[in-house]
Amino acid sequence: MDKEVRVRFAPSPTGGLHIGGVRTILFNYLFAKQNNGKFILRIEDTDQSRFVQGAEEYILNCLEWCGLTPDEGQGFGGNFGPYRQSERKNIYIKYAQQLVAQGHAYYAFDTPVDLENKRNAIPNFQYNQATRLQMRNSMTIPHEAVQSLINEGAPHVIRIKMPENENVYFNDLIRGDVSFDTHQVDDKVLLKADGMPTYHLAVVVDDYLMKISHVFRGEEWLPSAPVHILLWKYLGWDNDMPKWAHLPLILKPDGKGKLSKRDGERLGFPVFALDWTDPKTQEKATGYKETGFLPQALNNLLALLGWNDSTEQEIFTMQELVDKFSLERVHKGGAKFDWDKAKWFNAEWIKKLSAEELLPYVKDVLANKNINAKDDYLKTIIDLVKERCVLLPDFYAQSHFFFTEPKTYDMDALKSKWSDEKGLFFNDLISQFNQINNWDGVDLENVFKELASAKAIKVGELMLPFRVMLVGGKFGPQVFLIAEIIGKQQTLARIAKALETIKL
RNA sequence: GGCCCGUUCGUCUAGGGGUUAGGACGUUAGAUUUUCAUUCUAGAAACAGGGGUUCGAUUCCCCUACGGGCUACCA
């Protein structure tokens, strides 16, 4: 009955993928999955001057890491290709010409220099119904002259001819009725001098040809919506027009405006999904992945930025998101990004996942520090330390002492607790521990406490020094558990070594 | 400037004509943890302003203010 749900994400491959883009992808993906529809990836590379080497592949990598895999599109196959607009160049021209023939568009011969002069001369110059009769276009140049200009190959564009006084309105799935007066909208270029379409033409033609049912895009596209709607009408595709949903923007945490790459650098958090290095400038921007986020956490936090399910639930699996997502519950206003809350989501996800699920990530983190260990050993440790990790790299800081002995000791922590008689205690502890054959945390604790009371030293006075000897500082899980896990030999060696170091 | 969109604790948000305006992050204070983290308890913290409509508006309408977006042969 209803037509098949087909949604698309249509990035232009010009640089790193912003989390705002990731959220748009996520909403597209959730909507498609919820409705048994298709999620399509289309590359909008109509601006050849902004082409960036590697950007398309990078986007694919981001999609893969986020787990938001397209069903169709560039790199994923499908029957509506090609999915790269630069490869569809010849498709658009005929539609632009059709619009001219119908009187809804016209040729314009003004050069970029002409336009720039115009803008300099007249503040807020707009190429629109008020000014187009003063310009060089097919409405001011005689028909024959236009023909010969075109035949001669004079550079020209095709502009939409905005109607005089119409009200263009549509129902936005998030905002409700939105309307524009065509009097206020300028004559946007549809086809550029190089024969490539602009976004405005390409998006309409491709959405039609690819049978897109819903368009989810950022709020920054709202002002150009009337151009697109008119194009759908003029091209005679009225009945197939997709439903529109303009998503609220992600704003800077401080100041004003939408979140940008620069804000990330300035405030110390990633803005891109994955690390990105601009091939031209070699400028680097860090990604969520490399900062130590779980993809589940990124998706979760982005979903909750502007959407909620009306309950107090905040942690959602992808399946829950697919089941519960609804456009009606997307907030209208922009949301300032909150880095603290973002980290909280990641910490929650680290706690939520099992050691088994965390294993590959932790292995990766440790491998970067040249630590390689057996899976079972790793899993034991992950369960012990995961609740004190916020970002994945924290696994190293919280667990390195399980793999290597401390190189330095927190002397400040030790000093206040140290005395000669405690040194003696630990000397004796070595020989007592040495006699234990069944190396078990509980037994160790008993032996430790008995020796302490025999020497009339408060256990509390000894715990911290013991901890520092084993891990180097005052952190980490239960200390006897650590002793148990690193084993008898390591425990004894570390006590002995620490004793020696402290003496100096 | 013009046009469009928006506005509940510092931040993300729930709510919706009559509520002690709820939750989360952060923050403060405690408890637990012989370290830290986790966990738990408690606290401070919001309906931008002005007009309507109404018996009653945070909720509906209008205006103002403020915020955001757009205003390219960029997307």
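Quick note on labels: first sequence line is chain A, next is B, and so on, each numbered from 1.
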Practice task
For A:E312, answer base if it contacts any base atom (sugar-phosphate contacts may also be present), sugar-phosphate if it contacts only those atoms, and nothing otherwise; contact means non-hydrogen atoms under 4.0 Å.
Solution key: sugar-phosphate
Practice task
May I ask you to verify if any side-chain N or O of A:R329 is less than 4.0 angstrom from the OP1 or OP2 atom of B:G15?
Solution key: yes
Handout entry: Selection from B:G69, B:U34, B:U71 that lies nearest to any side-chain heavy atom of A:K449
Key = B:U34
Exercise for the section: Test the A:R159-A:Y127 pair against the cation-pi criterion, namely NZ or CZ under 6.0 angstrom from the six-membered ring centroid and within 45° of the ring axis. Expected result: yes
Exercise for the section: Would you tell me if any nitrogen or oxygen in the side chain of A:H246 comes within less than 4.0 Å of OP1 or OP2 on B:G6? Expected result: no
Problem - Atom C1', compared across B:A46 and B:U19: separation rounded to whole Å - result: 15 Å
Exercise for the section: Write down the distance separating the C1' atoms in B:C9 and B:C5, rounded off to the nearest Å. Expected result: 24 Å
Handout entry: Interatomic distance where CG belongs to A:D309 and C1' belongs to B:G15 [whole Å]
Key = 14 Å
Problem - Distance, P atom - from B:U13 to B:G1, rounded to whole angstrom - result: 27 Å
Problem - OP1 or OP2 of B:C4 under 4.0 Å from side-chain N/O of A:K332 - result: no
Practice task
Return the nearest nucleotide to the side chain of A:H331; candidates are B:G26, B:C12, B:U13.
Solution key: B:U13
Handout entry: Sugar-phosphate, base or nothing in reach of A:N124, heavy atoms under 4.0 Å
Key = base
Exercise for the section: In whole angstrom, give me the gap between the P atoms of B:C55 and B:G67. Expected result: 38 Å
Exercise for the section: Among B:U71, B:U35, B:G6, find the nucleotide with the atom closest to the side chain of A:L464. Expected result: B:U35
Handout entry: Selected nucleotide, minimal atom distance to A:K192 side chain, candidates B:G69, B:C74, B:G6
Key = B:C74
Completion exercise
Out of B:C74, B:U71, B:G6, minimum distance to the side chain of A:D47 belongs to B:C74
Practice task
Provide, to the nearest angstrom, the distance between the CG atom belonging to A:N128 and the C1' atom belonging to B:C3.
Solution key: 12 Å
Exercise for the section: Hey, can you tell me if A:F426 and A:W418 have their rings parallel, tilted or perpendicular (30° and 60° cut-offs)? Expected result: parallel
Problem - Counterpart residues, ring pair (Phe, Tyr, Trp, His ring centres under 6.0 Å), relative to A:Y95 (two or more places apart) - result: A:W237
Handout entry: Nearest-Å distance for atom pair CH2/C1', residues A:W307 and B:A14
Key = 13 Å
Problem - Under 3.5 Å donor-acceptor pair, A:R388 side-chain atoms to B:U38 base atoms - result: no
Problem - A:Q126 side-chain proximity, nearest of B:G26, B:A72, B:C73 - result: B:A72
Practice task
May I ask you to check whether A:Q313 and A:K324 show a side-chain donor-acceptor distance below 3.5 Å?
Solution key: yes
Problem - Side-chain N or O of A:R119 closer than 4.0 Å to phosphate OP1/OP2 of B:C73 - result: yes
Fill in the blank from the handout: Per atom distances to the A:K474 side chain, the nearest of B:G22, B:G15, B:U35 is B:U35
Exercise for the section: Look at all strands and tell whether A:S49 reaches a base, only sugar-phosphate, or nothing, counting heavy atoms closer than 4.0 Å. Expected result: nothing
Exercise for the section: Give a yes/no on whether any side-chain N or O of A:K258 is located under 4.0 angstrom from OP1 or OP2 of B:C70. Expected result: yes
Practice task
Ignoring the backbone of A:S310, work out which of B:A75, B:A14, B:U35 is nearest its side chain.
Solution key: B:A14
Handout entry: Rounded P spacing from B:U54 to B:C70 in Å
Key = 42 Å
Practice task
For B:C66 and B:A48, measure between their C1' atoms and round to the nearest Å.
Solution key: 7 Å
Problem - Phosphate OP1/OP2 of B:U13: any A:N308 side-chain N/O under 4.0 Å - result: no
Practice task
Assign A:G476 to base, sugar-phosphate, or nothing according to its heavy-atom contacts below 4.0 angstrom with the strands shown.
Solution key: base
Handout entry: Closest to side chain of A:D186, choosing from B:C74, B:U71, B:U35
Key = B:U71
Problem - Pairing partner of B:U38 (Watson-Crick or G-U wobble, both distances under 3.5 Å) - result: none
Exercise for the section: Whole angstrom is fine here: how far is it from OH in A:Y127 over to C1' in B:G2? Expected result: 20 Å
Problem - A:R159 vs B:C73: side-chain N/O to OP1/OP2 distance below 4.0 Å - result: yes
Exercise for the section: Assign A:V157 to base, sugar-phosphate, or nothing according to its heavy-atom contacts below 4.0 angstrom with the strands shown. Expected result: base
Handout entry: Test item: A:N117 side-chain N/O and A:D114 main-chain N/O as donor-acceptor pair under 3.5 Å
Key = no
Exercise for the section: Quick one: sort the A:F272 and A:H18 rings into parallel, tilted or perpendicular, breaks at 30° and 60°. Expected result: perpendicular
Fill in the blank from the handout: Under a 3.5 Å limit on both distances, the Watson-Crick or wobble mate of B:C66 is B:G6
Practice task
Taking atom C1' in both B:C12 and B:G18, compute the distance separating them and give it to the nearest angstrom.
Solution key: 28 Å
Practice task
May I ask you to evaluate whether A:T46 reaches the phosphate of B:A75, defined as a side-chain N or O under 4.0 Å from OP1 or OP2?
Solution key: yes
Handout entry: C1' spacing across the pair B:C25 / B:C61, given as an integer number of angstrom
Key = 35 Å
Practice task
Measure the acute angle between the ring planes of A:F325 and A:W307, then classify it against the limits of 30° and 60° as parallel, tilted or perpendicular.
Solution key: tilted
Fill in the blank from the handout: Closest to the side chain of A:V178, out of B:U34, B:C4, B:G6, is B:C4
Practice task
Using a heavy-atom cut-off of under 4.0 Å over every strand shown, decide if A:D110 touches base, sugar-phosphate, or nothing.
Solution key: base
Exercise for the section: Round to a whole Å and report the spacing from CZ of A:F316 to P of B:C12. Expected result: 18 Å
Handout entry: Interatomic distance, A:D177 CG vs B:C4 C1' [rounded to whole Å]
Key = 14 Å
Handout entry: side chain to side chain contact (heavy atoms under 4.5 Å, CB included) between A:R175 and A:W244, worked out
Key = CA-CA 10 Å; A:R175 283 146 217 287; A:W244 308 93; over 6 Å; no
Problem - Under-4.0 Å side-chain N/O to phosphate OP1/OP2 contact, A:K336 with B:G10 - result: no
